[in-house]
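Encoded as structure tokens, the structure appears first; notes follow it.
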Amino acid sequence: MNNKLQNIGMILIFLTITACSDNAPPPSDPEDFTNSLNQESLSDIENISERLSESLDIVRKDLPITVDDVTTLEGIDSDELTVIYNYRIKVSGLDPSEKSKFESDIQNVNTRNICNNPKTSKFLEMGVSYNYNYQDLDNISIRGFEVTKDICDSL
């Protein structure tokens, strides 16, 4: 699951950087992309937000994406500088302790993946946040969470 999530995240990062670069063609080396982030102007949040949304449109074409045996990414969206993931898990009827454990586990795994990835941490520095929402088979929401720069800094 972690590798598939990281791959989805890397695609979004690549697309976002491409979309936010107005004048220069994208570097052929992804590492050059990451290095070019330091030179990007972040003064126009509306422009970045619009371009982020356009980039996510490309990913949406492949939805739903099966992440693992129980998890499917059903939707991805943005709200200004927030990337919003909507997942469906193939479980139902979790009792409160199972639900609490699941919520804690998914938050810990996803937060570590975002915070420990050098490429996504560049986006966190730019003010981008990642919002995760989960629903079970009965359309019951499982507590969502957000990953921000402040959260990563506190780990």
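Worth knowing before you read on, the calculation uses all heavy atoms, side chains too, and leaves out hydrogens, waters and symmetry mates. Numbers for residues simply follow the sequence, beginning at 1.
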Practice problem: Please name the residue in the list Val83, Val109, Val147, Val128 that meets the side-chain contact (heavy atoms from CB on, under 4.5 Å) test with Ile114. | Solution: Val147
Among all residues two or more places apart in sequence or in another chain, which pass the side chain to side chain donor-acceptor pair (under 3.5 Å) test with [X]?
X	value
Asn139	Arg88
Lys99	none
Glu98	none

Return the minimal non-hydrogen interatomic distance between [X] and [Y], and the atom names on each side.
X	Y	answer
Ser121	Pro118	OG-O, 3.0 Å
Leu63	Gly75	CD1-CA, 3.7 Å
Ser92	Leu137	CB-CB, 4.2 Å
Asn131	Asn133	OD1-OD1, 3.7 Å

Quiz item: So Tyr85 and Tyr130, would you call those rings parallel, tilted or perpendicular, with 30° and 60° as cut-offs?
Solution: parallel
Quiz item: Backbone N or O of Ile106 within a donor-acceptor pair of the Asn110 side chain at under 3.5 Å?
Solution: yes
Quiz item: Any donor and acceptor pair, going by atom type alone, linking the side chain of Asp138 with main-chain N or O of Ile140 inside 3.5 Å?
Solution: no
Self-check item: Linked, directly or transitively: Val70 and Tyr132 (ILVMFWY side chains, under 4.5 Å)
Solution: no
Quiz item: Residues in side chain to side chain contact (heavy atoms under 4.5 Å, CB included) with Ile151, at least two apart?
Solution: Thr111, Thr148
Quiz prompt | Listed partners of Asn108 passing side chain to side chain contact (heavy atoms under 4.5 Å, CB included), at least two apart | solution =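 Checked Asn108 against side chain to side chain contact (heavy atoms under 4.5 Å, CB included); matches are Ser104, Arg112.
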Quiz item: Take atom CG in Asp69; do more than 12 heavy atoms of anything else shown fall under 6.0 Å from it?
Solution: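 Open.
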Quiz prompt | Intermediate values then yes/no, side chain to side chain contact (heavy atoms under 4.5 Å, CB included), Tyr87 and Val67 | solution = CA-CA 9 Å; Tyr87 291 95; Val67 177; 3.9 Å; yes
Practice problem: Decide yes or no on side chain to side chain contact (heavy atoms under 4.5 Å, CB included) for Thr71 and Thr66, but give the supporting numbers first. | Solution: CA-CA 6 Å; Thr71 311; Thr66 301; over 6 Å; no
Practice problem: Sequence neighbours left out, what passes salt bridge (charged side-chain N to carboxylate O under 4.0 Å, His left out) with Asp57? Give chain and number order. | Solution: Arg60
Quiz item: Side chains of Phe102 and Ile89: does their closest heavy-atom pair fall under 4.5 Å?
Solution: yes
